[in-house]
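Step one of this worksheet: look at the structure below.
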Amino acid sequence: MKYISTRGDAPELSFAEAMLTGLARDGGLYVPKKIPTLEADAIAAMAGKTYEEVAFEVMKPFIGESFTDEEFKGIIERAYAGFRHEARAPLVQLAPNHYLLELFHGPTLAFKDFAMQLIGQLFQFELTRRGEKVTIVGATSGDTGSAAIEAFRGLDNVDVFILFPDGRVSDIQRKQMTTPADNNVHALALDGDFDDCQARLKDMFNDFEFRDGVKLAGVNSINWARVLAQVVYYFSSAVSLGAPHRKVSFTVPTGNFGDIFAGYIAKRMGLPIEQLVIATNQNDILHRTMETGAYTKEGVTPSISPSMDIQVSSNFERALFDAYDREGSVVAQLMEDLKDGSFTISQGAMEMLRENFASGRASEEETTATIKSEYAASGEVLCPHSAVGVKVGNEHLSSVPMITLATAHPAKFPDAVEAAMGTRPGLPPHMADMMDKEERVCKVPNQLALLETLIKDRIAAR
Ligand SMILES: Cc1ncc(COP(=O)(O)O)c(C=O)c1O
Ligand SMILES: N[C@@H](CCOP(=O)(O)O)C(=O)O
């Protein structure tokens, strides 16, 4: 199994190499050279298996020779041992043909834990085997950062720096990033929005002297391993509703396009998915793109679903790569055009995208109303991101069961939930003292050179 860049001009790598590399050296994202498929019998045989067993079956074909079966099984077991629900990703029924996939039972109460806990184990195993150290830099709108810190805190062979937009994450998300006392953890509050954080991160990867000097690694969904880990719950949930004998649809609250791209991979692997619905908040660049064929940046407007306040949706590049028949040079040109604010997608590529994805949008008012109405109808308390999903999912119901992804625990966004339902969701007992803990955070300007110097100094001081 080899991995190639979406911009067509970087070396082919193995799974482990692509995982440790993060962004390709041509600025592109790694994808499998060929997407493996699973026969219907193999999918049917997943019924009744544990989440960990399904995870092994789904991910193994992508791993190649990087880990033996025994190594990989051990890594998966350790990754999900800390989840607080036996099923890992339980399904609850909202309405006769609408289900919610609860992805918030991991250590930081967000779907990011599914991938980040696995990546933490994969990195630890591989770096120990190689006797290497790396510097992880991550960009976050709230959840990736806390999940990465939880997965890598305390490790000797990793320093982890997280750039988050100052003042634009929830209090709980900020506390999750700023209260860990481990000296390999560095929370950096950047003067800008998430797109600025992600842009500076990509700048660091494109500065080869810095990149090689600090042995830079990435755990955002630019890292293929992040996307891969998220493919698993599409299979586990669909099989529990009767796949492959019955089709299912998914609605996915979307920002950086990593989660829904994982659903697309599941479909390419043979999972019978009828609709994959992109659900955006008021920062609706992806919905507008699906409607118009033009990807046009507008400013980011802060919302009550802050983790989806994104305009430069990184993984959309992976979808474009397939939509343009894997012509890396075309994707490279589109990304060059985006530097001026927009690009236009050809008719043929749009046809492919519309064949694979539907889309919808929820305004702030609609998100709040959905939290309220869903609680009244089913008793389920939704976080604002999941509410965006449920609102858009409701608009795409058909005779095929719809599964909407619940991407975070409501207690991570208590203000928005309280404003909608009048009741404040409480943190689980193991996190109850979070708000009283002391914070360690460094405010940083949106300037590449200063950020690089700070990171080098911090590493040298360790
Ligand atoms: C709670 C929550 N929901 C949805 C998303 C969107 O996921 P993606 O960026 O993979 O599209 C994110 C972050 O990205 C998130 O933190
Ligand atoms: N919503 C994300 C943004 C980063 O996305 P990623 O999936 O590329 O890590 C967050 O919570 O940080």
Side-chain angles (χ1 to χ4, degrees), residues 22-23 29 101-104 106 108-116 119 136-149 151 162-165 168-170 172-174 176-177 187 190 193-199 201-202 218-231 233 250-265 276-281 283 285-287 300 303-319 357 359 362 367 382-390 392 404-413 416:
L23 199 69
L29 307 183
L101 182 59
E102 291 186 350
L103 298 173
F104 50 71
T108 69
L109 312 182
F111 81 98
K112 307 282 176 174
D113 288 322
F114 278 89
M116 212 59 89
I119 287 208
I136 289 173
V137 182
T140 189
S141 50
D143 287 330
T144 290
S146 31
I149 287 171
I162 297 297
L163 294 166
F164 69 89
R168 292 185 185 222
V169 299
S170 79
I172 305 282
Q173 288 177 315
R174 193 191 69 250
Q176 284 181 313
M177 293 186 278
L190 186 128
D193 58 27
F194 169 76
D195 287 334
D196 295 319
C197 297
Q198 184 159 250
L201 171 63
K202 288 191 174 179
V219 293
N220 277 98
S221 54
I222 54 175
N223 192 320
W224 169 257
R226 276 279 312 281
V227 175
L228 176 60
Q230 293 171 192
V231 178
Y233 47 69
F250 288 92
T251 300
V252 188
T254 307
N256 230 1
F257 210 77
D259 211 5
I260 194 157
F261 191 75
Y264 164 79
I265 294 295
L276 265 176
V277 187
I278 300 165
T280 70
N281 68 16
N283 295 297
I285 189 163
L286 289 165
H287 176 51
V300 173
S303 77
I304 57 169
S305 45
S307 302
M308 287 157 47
D309 290 346
I310 297 174
Q311 289 286 285
V312 183
S313 186
S314 206
N315 284 281
F316 195 57
E317 176 167 346
R318 286 186 164 118
F357 302 100
S359 71
T367 305
L382 299 171
C383 93
H385 309 77
S386 313
V388 167
V390 168
V392 174
T404 293
L405 274 51
T407 48
H409 193 290
K412 290 190 90 166
F413 307 93

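Treat the numbers as computed from the prediction; the structure is a model and nothing was measured. Order of listing sets the numbers, starting from 1, for every ligand and every atom in it.
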Point to revise | Minimum non-hydrogen distance to atom 1 (N) of ligand 2, winning option of Ala147, Ser307, Ser313 | key: Ser307
Check your understanding: Between Ser221 and Gly258, is there a donor-acceptor pair closer than 3.5 Å when you use the side chain of the first and the backbone of the second?
Key -> no
Study note, to complete from the structure: In ligand 2, the atoms that come under 4.0 Å of a heavy atom of Thr144 are 2 (C), 4 (C), 5 (O), 6 (P), 7 (O), 9 (O), 10 (C), 11 (O), 12 (O)
Practice item. For the pair Ser314 and Lys202, evaluate side chain to side chain donor-acceptor pair (under 3.5 Å) and give the outcome as yes or no after the intermediate values. Key: CA-CA 10 Å; Ser314 206; Lys202 288 191 174 179; 2.9 Å; yes
Point to revise | Pairwise distance CZ(Arg318) to CG(Leu29) - rounded to 0.5 angstrom | key: 4.5 Å
Point to revise | Approximate separation, where rounding is to 0.5 Å, of Leu109 CG and Leu103 CG | key: 12.5 Å
Practice item. Find all atoms of ligand 2 within a distance of less than 4.0 Å from any non-hydrogen atom belonging to Gly142, and give their numbers and elements. Key: 10 (C), 11 (O), 12 (O)
**Study point:** Gln198 side, atom CD; Leu163 side, atom CG - distance, nearest 0.5 Å
**Key:** 11.0 Å
Check your understanding: Taking the six-membered ring for Trp, are Phe357 and Phe316 ring centroids under 6.0 Å apart?
Key -> no
**Study point:** contact_flag Lys412 ligand 1 heavy-atom lt 4.0 Å
**Key:** no
Practice item. Indicate yes or no: does an N/O atom of Ser141 lie under 3.5 Å from an N/O atom of ligand 1? Key: no
Exercise for review: May I ask you to identify the nearest protein heavy atom to atom 5 (O) of ligand 2, giving residue, atom name and distance to one decimal place in Å?
Suggested key: Asn256 ND2, 3.3 Å
Point to revise | Atoms of ligand 1, numbered as shown, that sit under 4.0 Å from any heavy atom of His385 | key: 1 (C), 2 (C), 3 (N)
**Study point:** Ligand-residue contact atoms, ligand 2 with Asp143, heavy atoms, under 4.0 Å
**Key:** 10 (C), 11 (O), 12 (O)
Check your understanding: For atom 15 (C) of ligand 1, which candidate among Ala408, Ser307, Ala147 holds the nearest heavy atom?
Key -> Ser307
Check your understanding: At what distance, to the nearest 0.5 angstrom, does CD1 of Ile285 lie from CD1 of Ile310?
Key -> 11.0 Å
Study note, to complete from the structure: If we number the atoms of ligand 2 from 1 as shown, the ones under 4.0 Å from a heavy atom of Arg226 are 6 (P), 7 (O), 9 (O)
Point to revise | Heteroatom proximity flag, Ile310 to ligand 1, N/O under 3.5 Å | key: no
Exercise for review: Measure Met308 to ligand 2 on non-hydrogen atoms and call it side chain, backbone, both or neither using the 4.0 Å cut-off.
Suggested key: neither
Point to revise | Under 4.0 Å to a heavy atom of Thr140 - the qualifying atoms of ligand 2, by number | key: 10 (C), 11 (O), 12 (O)
Exercise for review: Report the part of Phe111 in contact with ligand 1, treating N, CA, C, O as backbone and CB onward as side chain, heavy atoms under 4.0 Å; options are side chain, backbone, both, neither.
Suggested key: side chain
Practice item. Would you mind checking which non-hydrogen protein atom is closest to atom 10 (C) of ligand 2, with the distance to 0.1 Å? Key: Ser141 OG, 3.2 Å
Point to revise | Polar side chain donor-acceptor pair, Ser307 to Gln173, under 3.5 angstrom | key: yes
Point to revise | Phe194 neighbourhood, listing ligand 2 atoms whose heavy-atom distance to it stays under 4.0 Å | key: 3 (C), 4 (C)
**Study point:** Euclidean distance, Thr280 OG1 relative to Met308 CE, rounded to 0.5 Å
**Key:** 6.5 Å
Point to revise | Any N or O of Lys112 closer than 3.5 Å to N or O of ligand 2 | key: yes
Study note, to complete from the structure: Ranking Ala406, Pro253, Ala115, Ala110 by closest non-hydrogen atom to atom 4 (C) of ligand 1, top hit is Pro253
Point to revise | Heavy atom of the protein closest to atom 6 (P) of ligand 2 (residue, atom name, distance) | key: Ser221 OG, 3.4 Å
Study note, to complete from the structure: Here the gap from Asn256 atom CG to Gln311 atom CD, rounded to the nearest 0.5 Å, amounts to 11.5 Å
